Every structure is written in structure tokens, then in C-alpha cells.
Amino acid sequence: MSLLEVENACKTFASRQRGGDPVQALRGVSLQVEAGETLAIIGESGSGKSTLGRAVLRLLELDEGSVRMDGVDLAGLSPSELRAKRAEMQIVFQEPYESLNPRMSIGSIVAEPLQIHRKGLGAAQIRKLVIEVLERVGLPAKVATRLPGELSGGQQQRVGVARAVVSEPKFVVLDEPTSSLDLSIRAQILELLAQLQADLGLAYLFVSHDMHTVEKVSDRIAVMYLGEIVETAPTVDLFRSPQHPYTQTLLSARLSADPREKHAYRAYEGDASVRATPPQQAPA
Amino acid sequence: MAESPAPARRREPGLTASRWTTVRRLVAEHPGAALGVTFIVVLVLWSLFGPLPYDPRGTDGSASREGPSGTHWFGTDGTGGDVFSRVIEAAKIDLSLALAGTAVALVIGVPLGLAASTKGKGSQRLVRGLDAFQAFPLLILALALVSLSGNQLYMVVVAIALLNIPRYMRLLRSEVLAIRESRFVEAATAMGASTPRLIFRHLLPNVWGVILVQTSLTIANSIVVLSSLSFLGVGVSAPTPSWGSMIRDGAGNMSSGEWWIATFPGLAVLLCVLAFNQLADAIGDRTARSYR
Amino acid sequence: MSDTVLDVRGLTVDIATPDGTVNAVRGVDLHVGRGEILGVVGESGCGKSTTIKGILGLLPPNAEVGAEMIELDGYGDLLATPRKKMREVRGRRIGFVAQNPFGSLNPIYSIERQFYELQKAHGTKVGKKESREIAHAMLDGVGIVNPARVLDGYAHQLSGGMAQRVVIALATTLSPQLLIADEPTTGLDATVQAQIMDLISGLVRSEQRSMLLVTHDLGVIAQYAQRVVVMLDGEVVEHGPVMEVMVDPQHEYTRKLINSVPKREELHDVTA
């Protein structure tokens, strides 16, 4: 049994524009995540990758299909059972500042999961745990009294990570956790996430649009295109011998920072309103 | 907040935490609001404790309709009452009714607004009910309520509240709808927060600023409503002085040149409204800034 | 005609804030050669966007721009050009492509109208019909398959990549010799980014235009620019041909930046 098992997940959203076609964000997605591993979901805008990240945490309801955590079907849980289950499954968002309540101190933000899930703890114990986890994510204890707006983007994201791991989850969705950060900060956060995974045995679902990042962090990669997973493979295999033409296109769009490695972009189906080289194979 | 490891405290770099410095800086940044607050405080204190030159309910047949002078600063009205004493005295009833009406509107409107900001069917029904309710000419409804009750003062409070509850509801609804979609509320849901926790720790603290602004504006508006009611002879009745009834009493004398009888209570209404509006601006300014 | 299209020397930008003056840009030199793409790279807050806004006269009044010279070939001194006159320079002499295409397009005008407004604003005496023909050709030139449909539509009907193509077409309509692009592909998908950058570099190469390309993305610089300027805290820390700076960086900061991008071989070793 895998830690997380998603089967035939389907989700359709009503169109935002009146009279527009409904958007099929997920079209029968199945995947497994094993304990302690990182599965990356890579895709471009409109691929449904963020919807998938929220659906596996039941932050939105699926139209069809099931999500099982430790063999427990999340859809079968009552609201209070689901809330209790949330200690085990957490999320880190793309926008570090927006994901922190601007009116709460860093200490209160990180303490909140403990207040919810470990009701037996006294104020002093919570305080001790909060300082511990802040230090674990590389923040000095004194930031506990600060407000989110007083920290840098990188520090804010460390707080987001601290809040996600303080309740000792087994599984964390990372929704583009480094996309809005500067390059050098990005590397630090990725290192921190890898360290936490090694120390705490976390499993990650790493949602990203960036091949460079995904290559660095993931054990396996699932490529999403228009609501479907078109290819899943171990990271090394996917980069060495991408099978699906869309994966090949994504890889060809990477721009290497080494000017000696010239890229040659190969278009895939693409935007029909824009001229591009013809697709090599019809989409799956 | 008691169990949180550290209370939220905002630090201003380069500023010693002297309260006096903070006050001075506030005054420098919002001179209009500071002036307004001072005016209201002086008015309230004087009306409650201050010595008035004459009995505000007294009459003096020998000194009717005298212009402003050293003895009667704002002149006298038709029955010889001292306009200055009456303007100050009226603050007691006018401001307390306005505040009471606003408080009732706040206490009822905020929870209703919260309830109307969910995605459920009940919320939609509430909004539709609100639309229907606001289709009534509410000022006329208020007038009818107060006069049918036989000029009961508590009905004046109810009338002011009725006029302002819809405003609180709409404000809360629009603000909370936006905040409900925010990442940090999603994060709280993802960590398993219960509904009361979502409301009291995540939603309400982020709308306090706009609630305060709205409250200040509502007080200003209530003063106008109250004055309109008493101008029409509804609500506060003689011999208790109120600004609205004083304006009505003096309105007839305007044409004969005795301007002071209506002008000074009118000025009191104007300054109070200005003061609360300035205060609302300043609060809005500060809450907008503290988000950054 | 000289070989330097844009010559900026000793550019400074001081921004007055309530907490004192911030020296956002401190003595930046930029030389854009003919037919060349000069990349300006740095992390957020390094002053790269402020630099180009200073050159274009797009900074708010509380910012003071100073320089030894800002010389645009065939036009003259930009520093001495008054704000009003700068509007004529932008569009006709310098095409500007901003990060968010939807911010550059007017949401309530049709795309066709925006091409016409551009002509009117620069007093070209081009009529409505002729403007549409020109616009049609421009959109065709940026790879849009059905220009007529896009011309009749509005910005919100376009995808991010399409909108950026329209902005590029607008920026090049009056044939400016210099293009300035501020993070032109940030926020776009990788596949769209590759298409847009291929388009932009093609436009520069085919018409012997020049371009100042501001980005935080080292991949974009390495693949498309010929020379690069690395900025840190409002100053240039390293500059030179891409082949030298990106392959064998001299400054410690440049090295740090480049090392924070994973290189392919190394990573395969790690994961294998």
C-alpha cells in the first residue's frame, strides 16, 4: 500500500466567462506516492497541476475518483475526522506572503497547528516546540514576535515550511514553493526541504512548472498536460529518454544557463493561433 | 490569543516606544482627525460635567431672540433659552443616541454580514432578503416606527440601527468574500482549523480596520439621521434640547434676520459629522498602511 | 551612424522616500551595439528595472535621474529631453516591452484601435485603413495566424503569450532601432517563453535592431544575449561577452548566481 493513492481523479470547473465551455481541470488522474519519496508534478498553466495538489488534500471536492491516505478514503471522512487527519497532510504555497495571516505574529502562525491538533499541550510546551521548529527551518527564535510583513520573501517561505511540518505530517504538497523567490533564495529553500525530508521522512508532492527545479528535487516525475498525466518516470530516465512528445517539448524549452549548450526548441501541438512547427504526434 | 507563544507586536524601527512621541506623530500625520477628536471629547466632557452658563431647559421671557453677546454667547431663542447652553446640552442626547444606534447596527450587522459571506444557500437567501429590505424607503420606515411608538427613544435607536445594519452587512460580505479566497485562509483550512477559529483568528482580525472606518462613518450618518428625525418633530421632544429640533425652531426666524437660533446647532451637527469623517479617513489610512 | 546605439554612462537614480533618499542606481554604464542583444541580469531589488525606467523617463517624480550621458544614436541626448518629448521617443525611437503584457494593452480598446492610437500619438498621418494594414502585417510578422481576428478583439481574449506577441508587434510598428524589454517572458510558460524569445531575437537579427534585455533568468541571457551586464545593489559588478561571463565568471556574485542554477551533468551525477 502506498502512502497516497489517487485513482481516476476528475474535476470540471464551470467556465468563468458566461457561455464559455466548462474547464476539465482533471481528466482521470491516477498516481501513487510512497512514504519518504518526492513525486514531482510538472506542467504548464492550465495543465491542472495545482488543482491536483489541492484535490489530494481534499481542499476541493472531486467530481469522480478517490484519494486514499494510508488506505483511508478521504471522501469517507466526516468533517471533524477530516480536520484531525489534516495533521498528517500539509501544504506549502507558492506565494509566501499571501499564505501568512498579516495580522498574526510568526510565533502564533507556527503555533496554530499545535493548538489545533495537540490540545493537551500547555503554552510553555507549545512555545518550546515553536522555537524548535523555527530553528529547524533556519530562523532565529526572535522572529516569533515579528509580523509576516517584516520578513523577507525567503524568510516568509521558511515560516510557511515551519507551519507545514510542525504538526509532524507524513505528506506535504509543495505548490510551486520556490517560484516567486529569487534564484539564490530558491536554492536555500530547496536545500531546506531536502534536509527536512531526510530528517523527518516526509513524502512530497512537488507541483512545479520548472524543469530545472524538478530535476533537482524529485525521485519521480509525472508530466501533466491538459488535465492528464501523459508520462510518469524516474527522474533520471525522464531526462535521459523522454517518451511522450510533450515531455520532449518541455525539455527542449529549457534554457540552459551555459551559453555553450545551445537549445533547440521543438514545438508540440501548441497554441493553434500561433504558427509553430507541426506536431510530431497527435496528443494522447 | 492567550496561548500563543508571543503576542503580536509591531515594531517601528528607529522609534523609542514613548507613548507621547507616538501621539505627537499621529497628530502630525492626521491633523484633521486630531482636531475632530479633540472637538468631540471637549463637547462630550462639557455636556456631561461642564458648568453651563444658563439652564438649558430654562426660559426667560424678558430675553427672547437676543443676538449673540457677552451674556448670551450664541444668543437666545424664541422662549429666551440660552442657545449656547442648549447646543452643548443637546450633545448629550444626540451623541448618545447616535452611538447607541451605531452599536446595535454593528452588533447585528457584523455577524449577519459574516453569515452572508459563505457560499451556501442560506447566504444567498440572506442577500436576497437584504436587497428586498433596502428597496424600502428606510428613512420613512424609521419615521413611521418612531412616531407610531409614541416617540419612544429606544425606537430612535432601533430606527438608526435598521438604517445601518444593511451597510455593515454589505461591507462585511464584500470584505470577507475576498479574504475567504486568500491563501492564508486556505492554509488555515488545510491545517484543520475549525469554523470559529477561521472566523475569529483569520477573518475578523483582517476586517477590523474597515469595520472601524465604517463605524466612524455610521456615527456621522446617525447624527444626521437623528437631526433629521428631530427636525421633523419625531424622536427627542421638548423640553430636552436636540440639534434637530433647535434647527426647526430657529428655521422660522432665519427670514427675520435672527440667524443664530438655527445656525449654531446646525454648526454643531456639521462639525460632529466632519470630525467623525476625518477620524474615519485617518483610521482607513493607518489600517491600509499596516498591511505593508 | 555609429556602432553604439545606446550609450549610457554613469547613470544614477536617487529616490526620495519618507525615510530618506535611496540610491537605487549608482553609476551604471551600458553600451548597446548595433544588431546586438545586451542582457542586464540581477536579482529583485538590484536596480535593473529602475535603470531602464530611468533611461526611458518612466520613473515617478520622486526619483531623480542623473548621468554623465544617455546618448541614443540618431537622436541625441535623452537626459536633456523633457518628459513630454520622451513620449515621442518611446514608440518611435525605442520600443518598450514590459513584463505584464496585459498592463501594456488598453482593456477597453480593440487591438486594431491600439495600433491606430499609436500612429495618432506619433503624428504619422497614417489613416485608419492604412493603420489596419500595417497592424495586420505586424501581427503576421510576430507569428499570429489569424491577424484579422486578433485585430477585432480585445486584450482579455488573448492568452499571455499571444498578448505579449501583440505588445511586441506594437513596440516594433514604428520601426524603432532599439528595443527595451523588461522581463518579457517572466510569468509565461517555458514553452511559450522559448517561442517568444525565438521571435524577439529573430526580429532583432533580421532588421539589424538592437535590444536591451532585462531579466533575472540566466537561461534567457545565456541563450539569447551576446553581451551581459550583471547588477547587484544598483551597481554593475561584471560585464562582457556572454561566452566569457557565463562560462568563466570573474566576480564572486556572478559565480554564485550561476552556481544556483543546476547544471545538467552535475545533477545527473547526484540523482544517479
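Please read these numbers as outputs of a predicted model, since none were measured by experiment. Every chain is numbered from 1 and lettered A, B, ... according to where its sequence line falls, protein lines coming before strand lines.
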Heavy-atom closest pair (C:Met246 atom, A:Pro259 atom, distance to 0.1 Å) is CB-CD, 3.5 Å
Residue pairs passing the ring pair (Phe, Tyr, Trp, His ring centres under 6.0 Å) test with at least one member in residues 180-204 of chain C, sequence neighbours excluded, are none
A quick test of your reading: do over 12 heavy atoms of other residues, nucleotides or ligands sit less than 6.0 Å from CZ of C:Arg255? yes
Greater than 12 external heavy atoms within 6.0 Å of A:Lys11's NZ | yes
Between C:Ala222 and A:Ser256 the two heavy atoms that sit nearest each other are CB-O, 3.3 Å
By side chain to side chain donor-acceptor pair (under 3.5 Å), C:Asp152 pairs with (sequence neighbours left out) C:Arg132
Distance col, row C:Met197:CE vs A:Leu255:CG, nearest 0.5 angstrom, shows 8.0 Å
Is a donor on one side and an acceptor on the other found under 3.5 Å between the side chain of A:Glu261 and the backbone of C:Gln223?
no
Rounded to the nearest 0.5 Å, the CG atom of A:Asp258 sits from the CG atom of C:Leu218 at a distance of 11.0 Å
Can C:Val247 and A:Arg260 be said to form a side chain to side chain contact (heavy atoms under 4.5 Å, CB included), step by step?
CA-CA 8 Å; C:Val247 174; A:Arg260 289 167 301 187; 3.4 Å; yes
Assert top hit (heavy-atom pairs under 4.5 Å, partner chain C, pool A:Ser45, A:Pro234, A:Ala187) equals A:Ser45
Here the gap from C:Thr191 atom OG1 to A:Glu44 atom CD, rounded to the nearest 0.5 Å, amounts to 3.0 Å
- request: Flag yes if more than 12 heavy atoms outside A:Arg136 fall under 6.0 Å of its CZ atom; otherwise flag no.
  value: no
The reported gap from CG in C:Asp189 to CG in A:Leu250 (rounded to nearest 0.5 angstrom) is 8.5 Å
Examine distances only and state if a side-chain atom of A:Asp182 and a backbone atom of C:Ser44 form a donor-acceptor pair shorter than 3.5 Å. yes
Applying ring pair (Phe, Tyr, Trp, His ring centres under 6.0 Å) to C:Tyr224 and not counting sequence neighbours gives A:His263
Among residues 188-201 of chain A, residues within the sub-4.5 Å heavy-atom range of chain C, in order of number, are none
